[in-house]
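A short write-up of the structure that comes next.
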There are 2 protein chains.
Amino acid sequence: MDKFEAMQRFVLVAQFGSFTKAADALGLPKSSISNAIQGLESELGTRLFHRSTRSVTLTQDGEVYLPQCQTLLAELDALGSQFQRNPNDVRGILRVDMPSRFAATVVIPNLADFIEKYPNIRLKISSADYRVDMIKEGIDCVIRVGSLDDSSLIARPLTQYRSLNCVSPSYIKKFGIPQTIAELANHKLIEYSPSLGNLSAQFEYMDNGKVRQQSMPSSLAVNGTDAYLEACLSGLGIAQIPMIGAESFIKKGLLIPILSEFEAEPMPVSLLYPSRRQPTKRLTVFMDWLQSITRTT
Amino acid sequence: MDKFEAMQRFVLVAQFGSFTKAADALGLPKSSISNAIQGLESELGTRLFHRSTRSVTLTQDGEVYLPQCQTLLAELDALGSQFQRNPNDVRGILRVDMPSRFAATVVIPNLADFIEKYPNIRLKISSADYRVDMIKEGIDCVIRVGSLDDSSLIARPLTQYRSLNCVSPSYIKKFGIPQTIAELANHKLIEYSPSLGNLSAQFEYMDNGKVRQQSMPSSLAVNGTDAYLEACLSGLGIAQIPMIGAESFIKKGLLIPILSEFEAEPMPVSLLYPSRRQPTKRLTVFMDWLQSITRTT
DNA sequence: TCCTTTGTTTGTTTAATCCGAACAATGTTA
DNA sequence: TAACATTGTTCGGATTAAACAAACAAAGGA
């Protein structure tokens, strides 16, 4: 039994939770899958799946074995691809997760270059946007905006997002335009916090390179970028919106930048990938390309 | 072609520097080896060996690929052996390097237990004693006496060697027995230094838990344990010899311990193994067993 | 220059995998 | 409760790939 293929099949079965679906995905008869798993199990001397005809779940050992298999397979993949020096040789599926707006404004417009240079890479861009389990989902790298906390990943800084303080025309009609930080006490902030636990609303701004925060009134807190933007458009308060998301609205006059001398600290945009000994060749060329296009814009 | 097997063959050919020898070692025809290597090469898209009928050497790429293969295979091995819960299931070859004296006095006398409990482990003890390249030689773990410096390895403290200050009867006849540190100025030290670079001879001793060194005359420096012992037996000076090596001679009256209140700092005995994500099951049980026997003695 | 050794090639044998279909087991539904 | 549909396993025939042995070619040593 080919161990490598057996492991691959095991991972697939675990992901699908079904022998039949894994067999279909590989275009093999169910028996091949069944034999492969049995081969693995007898070799390991333990059972990997609880199989009851209606559901296939991992045993305790299987649960341990799955991620190990995945990292080993990924490493093998990386080893096999490292000598592909001709761009045409670089092939395989590359799964990347990034904020949808980043994809639409930065990546997609420049993508023609990349797929021309590496025609045999099949790129799959998803925008689950939130913490996805990279190993479990088989994601090769993710792009994240804001500060980082997941330490099991290697981070590369890509670029920064300037944030603008924005309000809608309807807001100005009601409350006017604040000109100083002091005046913010008479205004409303739309609060953005990924985790809704924070207590007081803070207006963040840079003062000679230092980050400062000013407490101010707020009647709304949201935890999604879309809701944040929409709330600002509806005149519910001041929002500190990344330029990349705001500029089209500013052009149309739907948002008005204010307090331009008190911009918030730029948000870092980072590229994260699992800390393996070696990343795949296709991953390294993609990350290098990403850095090249973010450097120039 | 089974990738793992191909890699294994590649490693073997690289180690032997010969297709024929690798084939013999595996009991396979040369053609199988040849095909496996060719398969690997075509898959990687690069050449792994410079083959001229008289000699087989790694190409630059092969040089890169070899250690990667070795670690990957070791990891695969570890994955495959992790569920072997019954001692009888733990099998495979285990290569250990340790000082010959340690093997003879500590390990071998207790080994019966171990091979009875794990009858399917084939233990290979070598005493190359000096820095061997563990990965290259395929050594699973090594035992070393003294301070450590190789940082790529994980170290486990095992035990400590008490050192005794010894001289031979013939030495006593000539020089007498020193009773204080001060008197050492009128005596001779046999200098032991693994690297013969040190300048002045130092008598090392513990003073209320602190390590102190006393310069003293010396007319001989050696860098091997056997030579060190032999020099002391011949009455050439004072030697600070690990108890384990000295006690048989002391019993026979060939060595006399002196200055027993000024023993040198005990030398740590450590167990070193490569830092892989997971050690093999057989390695973990062996290391655990080693710790258990050194704790009790 | 001849000879021995070594890696590659070739054709044949052998073993393993693949495949489709029949089978058994289990959760669902009528 | 019983018939049904779906899923994992088993089995025999077809196919493919690896193992093997021998012949071949190339390169260093005598």
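Chain identifiers are assigned alphabetically (A, B, ...) following the order of the sequence lines, protein sequences preceding nucleic acid strands; residue numbering begins at 1 within each chain.
- The interatomic distance linking A/Phe4 (CZ) with C/dT17 (P) rounds to 16 Å, in whole Å.
- By the 30° and 60° cut-offs, the orientation of the rings of A/Tyr65 relative to A/Phe10 is tilted.
- In this structure, B/Leu48 atom CG and C/dT8 atom P are separated by 12 Å, rounded to whole Å.
- Defined by atom type and a distance below 3.5 Å, a donor-acceptor pair is present between the side-chain atoms of B/Gln68 and A/Gln82.
- Within the structure, the ring-ring contact (aromatic ring centres under 6.0 Å, His included) test picks out the following pairs touching residues 16-38 of chain B (sequence neighbours left out): B/Phe19-B/Phe49.
- Ion pairing between A/Arg144 and A/Asp97 holds under the 4.0 Å rule for side-chain N and carboxylate O.
- A salt bridge links A/Asp77 to A/Arg282: at least one charged side-chain nitrogen sits closer than 4.0 Å to a carboxylate oxygen.
- For the segment residues 30-38 of chain A, the set of residues with a heavy atom within less than 4.0 Å of an atom of DNA chain D comprises A/Lys30, A/Ser31, A/Ser34, A/Gln38, in numerical order.
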| Would B/Leu72 and A/Leu76 satisfy side chain to side chain contact (heavy atoms under 4.5 Å, CB included), going step by step from the backbone distance to the final call? | CA-CA 8 Å; B/Leu72 192 85; A/Leu76 184 70; 3.4 Å; yes
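- Across the protein-nucleic acid pair, B/Lys21 atom NZ and C/dT5 atom P stand 12 Å apart, rounded to whole Å.
- Put simply, CG on B/Leu28 is 17 Å from P on C/dT14, counting in whole angstrom units.
- Annotation: the terminal axes of the helix from C/dC19-D/dG12 to C/dA30-D/dT1 meet at 10°, where each axis is the rotation carrying the C1' atoms of four end pairs onto the next four (5 pairs per end, rounded to 10°).
- The salt bridge (charged side-chain N to carboxylate O under 4.0 Å, His left out) analysis of residues 103-123 of chain B, with sequence neighbours excluded, yields no pairs.
- Each ring-ring contact (aromatic ring centres under 6.0 Å, His included) pair with one or both residues in residues 106-127 of chain B, not counting sequence neighbours, appears once here: B/Phe114-B/Tyr118, B/Phe114-B/Phe286, B/Phe114-B/Trp289.
- Using a 4.0 Å cut-off between charged nitrogen and carboxylate oxygen, B/Asp140 and B/Lys124 do not count as a salt-bridge pair.
- Taking a cutoff of 4.0 Å between a charged side-chain nitrogen and a carboxylate oxygen, A/Arg51 and A/Glu41 qualify as a salt bridge.
- Put simply, chain B comes within 4.0 Å of DNA chain D, heavy atom to any atom, from D/dA18 to D/dG28, going 5' to 3'.
- The CG-P distance, from A/Leu26 to C/dC18, rounds to 10 Å in whole Å.
- The pair A/Glu43-A/Lys3 meets the salt-bridge criterion, with a side-chain N (NZ, NE, NH1 or NH2) lying under 4.0 Å from an Asp/Glu carboxylate O.
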